[in-house]
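One structure is given below, encoded as structure tokens.
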Amino acid sequence: MEKGHHSACRHATTFYASVMRACGLPVAIDYVKAWGNRSMGHEWNVLLLDSGKIYPFDAFNGKRLEFTYKPAKIFRRKFSLTSGNMPSLKDVPSYLTLKDELDVTEQYGDVYDISIPCLYPWNGNGKKQYAVICVFDNAAWKPVYWGKIKNGQMVFRHMMGDVCYMAGYYTQGKIVPANEPFILKKDGSIEYLNINKNICLNMILRRKYPRFPRIELFATHIRRGKVKGADNRQFQNSTLLFDIMGTPSDIVDSLVKIEQRFRYLQVEPAVYRTGDLAEIEFYGKKNLNEPEQKLLGQVFGFPQVPIDNGHPYLHAMDGDYETYYSKEKNKEGYVALDLGSSYYITRVRFCPRSDTNFIIPGHEYELCYWDSQWKSVGSKVASGLTVTFENVPSNTFYILHNLTKGKEERIFTYENGEQVWW
């Protein structure tokens, strides 16, 4: 790790803790086993202060930890073992019964003890004394903690708010719902979503996964870029079609109202940015009274980078949203297209580097809703930048699958015509 400067968070936190303990600093390792609003978990270091408070910091950058994602439960590794009985492995997965961990969720924010009714009683073999509380990990419900069952209620302690949970029974690696999924709000109140099949919605969907800050950052790398047209390959006396002033969101269509023909088209990232341009397409007409068409030609640009090494300019026009063109900061660079002859430009469609979880024209999507289990509304091939599903039951959770390509997906509610991610 010292030589390669690369590791997973678990290795980095162990390394940091060892070094800082050797210097006399009481540093521990805290972690989430699964985030409340995305898959996987994370580990970080925490300095135990003399005041009894904590100073959590990220092992990768040494800065104070700021949560990008929502935690549900937070634990700390201990040297000593916890005494007392633990739930049976028949009722709880083994990774929730570790005796060398301490629940420290309350050190990171407001927590709530909640009681969830066993709406659906256990009807399997034996009697269940324990239940599990789960978050959705992009594919299935994953247990993050356990609680006792008392008088028909499942009791879970020190749960973080602003998270969607589902409580259930654990048996042979599977989760059997004991109640409907619910939202534990920031103030500790609980909102159950009871599906309404009498009131149906027409849903216009734009993504299958939330746009997290990391993706927003990628999009800023094309800001202040310039899109130009010219009559010569060197772009002398070029005409500015438009500036990319804001941070683009997924795929953007920019209309061009310049009644002038151009043979050469160019997108030039700002010198002080990397560009990170996934795709750019130009649309136009040979004559103003003709229908618009996608314009094709010879791609050229700068700097020259081999197609199998790095992010060459060819990646900006290869039809693949997962590849992208990028250049070094504070150096010149551009992507250009030679149309072969002159055209009027009517529209420019471009997409920054992204997670490709937006609606991609030509891809097939399936919408499912939660009704004690996932049920399908049906599937559709997207013709534009959104996909619409009609007659969808209301007041429940939904998930959108891309059947053509991609793995990341996230549950959401639909409120006031917008997707709200959980």
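Since this is a predicted model, take the numbers as computed values, not measurements.
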May I ask you to check whether [X] and [Y] show a side-chain donor-acceptor distance below 3.5 Å?
X	Y	answer
Asn289	Asn287	no
Arg211	Ser249	yes
Tyr69	Arg38	yes
Glu180	Tyr120	yes
Lys286	Ser341	yes
Arg410	Asn37	no
Glu364	Thr404	no
Tyr283	Glu281	yes
His311	Tyr324	yes
Glu101	Tyr31	yes

### Task
Using the side-chain hydrogen bond (donor to acceptor under 3.5 Å, both in side chains) rule, collect all pairs that involve residues 157-175, keeping only residues at least two apart or in two chains.
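Qualifying pairs: Lys70-Asp162.
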### Those residues that, when tested against Trp146, pass ring-ring contact (aromatic ring centres under 6.0 Å, His included) (two or more places apart)
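Once residues adjacent in sequence are excluded, the partners of Trp146 under the ring-ring contact (aromatic ring centres under 6.0 Å, His included) criterion are Tyr130.
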### Message
Just to verify, what does Phe358 make a ring-ring contact (aromatic ring centres under 6.0 Å, His included) with, not counting sequence neighbours?
### Response
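ring-ring contact (aromatic ring centres under 6.0 Å, His included) list for Phe358, sorted by chain: Tyr321.
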Out of curiosity, [X] [atom1] to [Y] [atom2], how far, rounded to the nearest 0.5 Å?
X	Y	atom1	atom2	value
Phe235	Tyr264	CZ	OH	8.5 Å
Lys380	Leu205	NZ	CG	10.0 Å
Ile244	Glu268	CD1	CD	11.0 Å
Leu184	Ser189	CG	OG	7.5 Å

Would you call [X]-[Y] a salt bridge at under 4.0 Å N-O?
X	Y	value
Glu408	Lys208	no
Lys405	Glu322	yes
Asp253	Arg349	yes
Asp91	Lys148	no
Arg263	Asp338	yes

### Task
Can you see which heavy atom on Pro291 is nearest to which on Lys285, and at what distance?
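Between these two residues, the closest heavy atoms are O-CG, 3.9 Å.
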### Task
Please test Thr323 against Asp318 for side chain to side chain donor-acceptor pair (under 3.5 Å), starting from the C-alpha separation and ending with a verdict.
CA-CA 8 Å; Thr323 63; Asp318 62 356; 2.6 Å; yes
Extract all donor-acceptor atom pairs below 3.5 Å that involve side chains of residues 21-29 and protein atoms in other chains or at least two apart in sequence.
residue : atom : partner : partner atom : Å
Arg21   : NE   : Val27   : O            : 2.8
Arg21   : NH2  : Val27   : O            : 3.0

### Query
Looking at Tyr209, Tyr398, Trp370, Trp422, which hits ring-ring contact (aromatic ring centres under 6.0 Å, His included) with Phe412?
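Single ring-ring contact (aromatic ring centres under 6.0 Å, His included) partner of Phe412 among Tyr209, Tyr398, Trp370, Trp422: Tyr398.
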Expected list for residues 220-227: side-chain donor-acceptor pairs under 3.5 angstrom, two or more places apart:
residue : atom : partner : partner atom : Å
Thr220  : OG1  : Leu217  : O            : 2.6
His221  : ND1  : Thr274  : OG1          : 3.3
His221  : ND1  : Asp276  : OD2          : 2.7
His221  : NE2  : Leu217  : O            : 3.4
Arg223  : NE   : Met245  : O            : 3.3
Lys226  : NZ   : Asp243  : OD1          : 3.0

### Query
Between Tyr16 and Phe57, what is the ring plane arrangement, given parallel below 30°, perpendicular above 60°, and tilted in between?
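Aromatic pair Tyr16/Phe57 classed tilted.
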Is it the case that atom [atom1] in [X] sees more than 12 heavy atoms from other parts of the structure closer than 6.0 Å?
X	atom1	value
Asn202	CG	yes
Glu259	CD	no
Glu390	CD	yes
Arg64	CZ	yes
Ile199	CD1	no

### All side-chain contact (heavy atoms from CB on, under 4.5 Å) counterparts of Ser18, not counting sequence neighbours
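Testing Ser18 for side-chain contact (heavy atoms from CB on, under 4.5 Å), a comparison that skips the adjacent residues, returns Thr14.
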### Query
Quick one: which of Arg76, Lys33, Lys73, Lys78 gives a salt bridge (Lys or Arg N to Asp or Glu O under 4.0 Å) with Asp103?
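That would be Lys73; it is the only one of Arg76, Lys33, Lys73, Lys78 passing the salt bridge (Lys or Arg N to Asp or Glu O under 4.0 Å) with Asp103.
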